[in-house]
Amino acid sequence: MFLKKNKTFIIAEIGNNHEGSLKIAKELIRKAKLCEVDAVKLQFIDPSKFFHSSLKKNIKKYKKFFLGKDKLMKLKIFADKLGIKLFTTFFDLKNLNTIGKNFNLYKIASSDNNYKELISETIKKKKKTFISLGLLEKQEILRLINFLKKINKDAHKHVSLMYCVSSYPADKKEIDLNKIIYLKQKFPKFKIGYSDHFIGNEACLAAVSLGAEVIEKHFTLSKKFSKFRDHQLSADPKEMKSLVKGIRIIDTMLFNNDKNFK
């Protein structure tokens, strides 16, 4: 089990902030390791499979960002040598079932949390999976849970539900972190996490205090790296290091039990 009791699992979401450069991707992984996160995550978006053929601008953009199988596997070897877990979000069945077999963690993005075939194939692998709940209402979340249980009655042993507000960036007035408490009460067998799109560390720190056991935060080398929007929304190394330190302090505060109070 990758998630340890009484210790928040922290993911640095690189996404596409490497912009297609193997060198930059390696530097992001190396910097994330220095920040002492538990894992780094990429997005494996094959533009020809992800976008409709009419969206030529999007296809052209993401072709520049697409690392491909060979570069992805080089990054996996690089991360293994550094001693940090690397995984990715696969947005199509073919790459999930071919390249995905090389990884021990999976992520289902908000855009795919109703993609039943992809979810089913992922859950059947019985590996640690993080499912983002962005865009889902309460009844839709309940249907998702029932679907997971139909695939595998012990799905809760492998799946973490990631509360998420899909706005980029998320405004403080719409985040409503109390939903973490609701999810923990409604689905007590599942580990509940928080995938963050808020600028700054406050939302992640508050989420941990409310019981989130997994934190996913976008990560970049510099908020001014390029005009690509995700850099501005991401934590840079200084911010990420501060976040990890803050979370570990909260972990200690929450779980260093006072024996005299029992």
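What you are looking at is a predicted structure, and each value in this text was computed from that prediction instead of being measured.
Electrostatic pairing of Glu36 and Arg248 does not count as a salt bridge here, judged by no charged N lying under 4.0 Å from a carboxylate O. Glu239 has a carboxylate O that lies under 4.0 Å from a charged side-chain N of Lys223, or vice versa, which qualifies the two as a salt bridge. In this structure, Lys116 does not pair ionically with Glu121, as no charged nitrogen and carboxylate oxygen lie closer than 4.0 Å. The residues Asp196 and Lys217 are annotated as salt-bridged, a charged nitrogen and a carboxylate oxygen being separated by less than 4.0 angstrom.
Put simply, CD1 on Ile215 and CZ on Phe9 are 12.0 Å apart, with the number rounded to the nearest 0.5 Å. Interatomic distance, CZ of Phe103 versus CG of Leu96, reported as 11.0 Å (0.5 Å rounding). Atoms CZ and NZ, from Phe190 and Lys157 in turn, are 12.0 Å apart once rounded to the nearest 0.5 Å. For the atom pair CZ of Phe87 and CG of Asn102, the computed distance is 15.5 Å after rounding to the nearest 0.5 Å.
Remark: side-chain polar atoms of Thr122 are paired, donor with acceptor, to backbone N or O of Leu118 under 3.5 angstrom. With hydrogens and angles disregarded, a donor-acceptor distance shorter than 3.5 Å links the side chain of Asn97 to the backbone of Leu93. Using modelled atom types, no side-chain atom of His218 and backbone atom of His231 make a donor-acceptor pair closer than 3.5 Å. Distance alone, capped at 3.5 Å, places no donor-acceptor pair between the Tyr182 side chain and the Leu177 backbone. A donor-acceptor pair under 3.5 Å is absent between the side-chain atoms of Asp230 and the main chain of Asn16, judged by distance alone. Listed for the Thr88 side chain is a donor-acceptor partner under 3.5 Å among the backbone atoms of Leu42. Between the side chain of Asp112 and the backbone N or O of Ile119 there is no donor-acceptor pair closer than 3.5 Å. Between the side chain of Asn95 and the backbone N or O of Phe44, no donor-acceptor pair lies under 3.5 Å. Put simply, the side chain of Ser222 gets close to the backbone of Lys224: a donor and an acceptor are under 3.5 Å apart. In this structure, the side chain of Tyr194 does not engage the main chain of Leu205 through any donor-acceptor pair within 3.5 Å.
Under the salt bridge (charged side-chain N to carboxylate O under 4.0 Å, His left out) test applied with Asp176, the options Lys172, Lys179, Lys173 reduce to a single match, Lys179. Screening Gln43, Lys41, Lys107 against Thr89 for a side-chain hydrogen bond (donor to acceptor under 3.5 Å, both in side chains) leaves a single residue, Lys41.
Counting only heavy atoms from C-beta outward, the side chains of Asp38 and Ile11 never approach each other to under 4.5 Å. Using a 4.5 Å cut-off on side-chain heavy atoms (C-beta onward), Ile247 and Ile10 make contact. Within the 4.5 Å cutoff, the side chain of Met162 has heavy atoms near those of the Glu216 side chain. Two residues are said to be in side-chain contact when any heavy atoms from C-beta on lie closer than 4.5 Å; Phe219 and Pro237 meet this criterion. For the pair Ser160 and Ile192, the minimum side-chain heavy-atom distance is 4.5 Å or more. Contact annotation: the side chain of Ile123 approaches that of Leu148 to within less than 4.5 Å [non-hydrogen atoms, C-beta and beyond]. Within the 4.5 Å cutoff, no side-chain heavy atoms of Glu19 are placed close to those of Ile24. Contact annotation: the side chain of Ile99 approaches that of Phe90 to within less than 4.5 Å [non-hydrogen atoms, C-beta and beyond].
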Enumerate donor-acceptor pairs with a distance under 3.5 Å from any side-chain N or O in residues 65-81 to protein atoms, sequence neighbours excluded.
residue: Lys76; atom: NZ; partner: Asp80; partner atom: OD1; Å: 3.4
residue: Lys76; atom: NZ; partner: Asp80; partner atom: OD2; Å: 3.0

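Under the side-chain hydrogen bond (donor to acceptor under 3.5 Å, both in side chains) criterion, the residue pairs touching residues 132-145 are Ser110-Ser132, with sequence neighbours excluded.
Applying the salt bridge (charged side-chain N to carboxylate O under 4.0 Å, His left out) criterion to Asp171, with sequence neighbours excluded, gives no partner residue.
No side-chain donor from either of Glu213 and Thr8 sits under 3.5 Å from a side-chain acceptor of the other.
Cation-pi geometry between Lys128 and Phe130 is met: under 6.0 angstrom from the ring centre, within 45 degrees of the axis.
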Practice problem: Starting from the C-alpha separation in whole Å, work towards a yes-or-no answer on side-chain contact (heavy atoms from CB on, under 4.5 Å) for Leu243 and Cys204. | Solution: CA-CA 8 Å; Leu243 175 62; Cys204 289; 3.7 Å; yes
Exercise. List the steps, then state whether side-chain contact (heavy atoms from CB on, under 4.5 Å) holds for Lys85 with Leu105.
Key: CA-CA 9 Å; Lys85 298 175 182 65; Leu105 294 92; 4.2 Å; yes
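Residue-environment remark: NZ (Lys186) stays at or below the threshold of 12 foreign heavy atoms within 6.0 Å.
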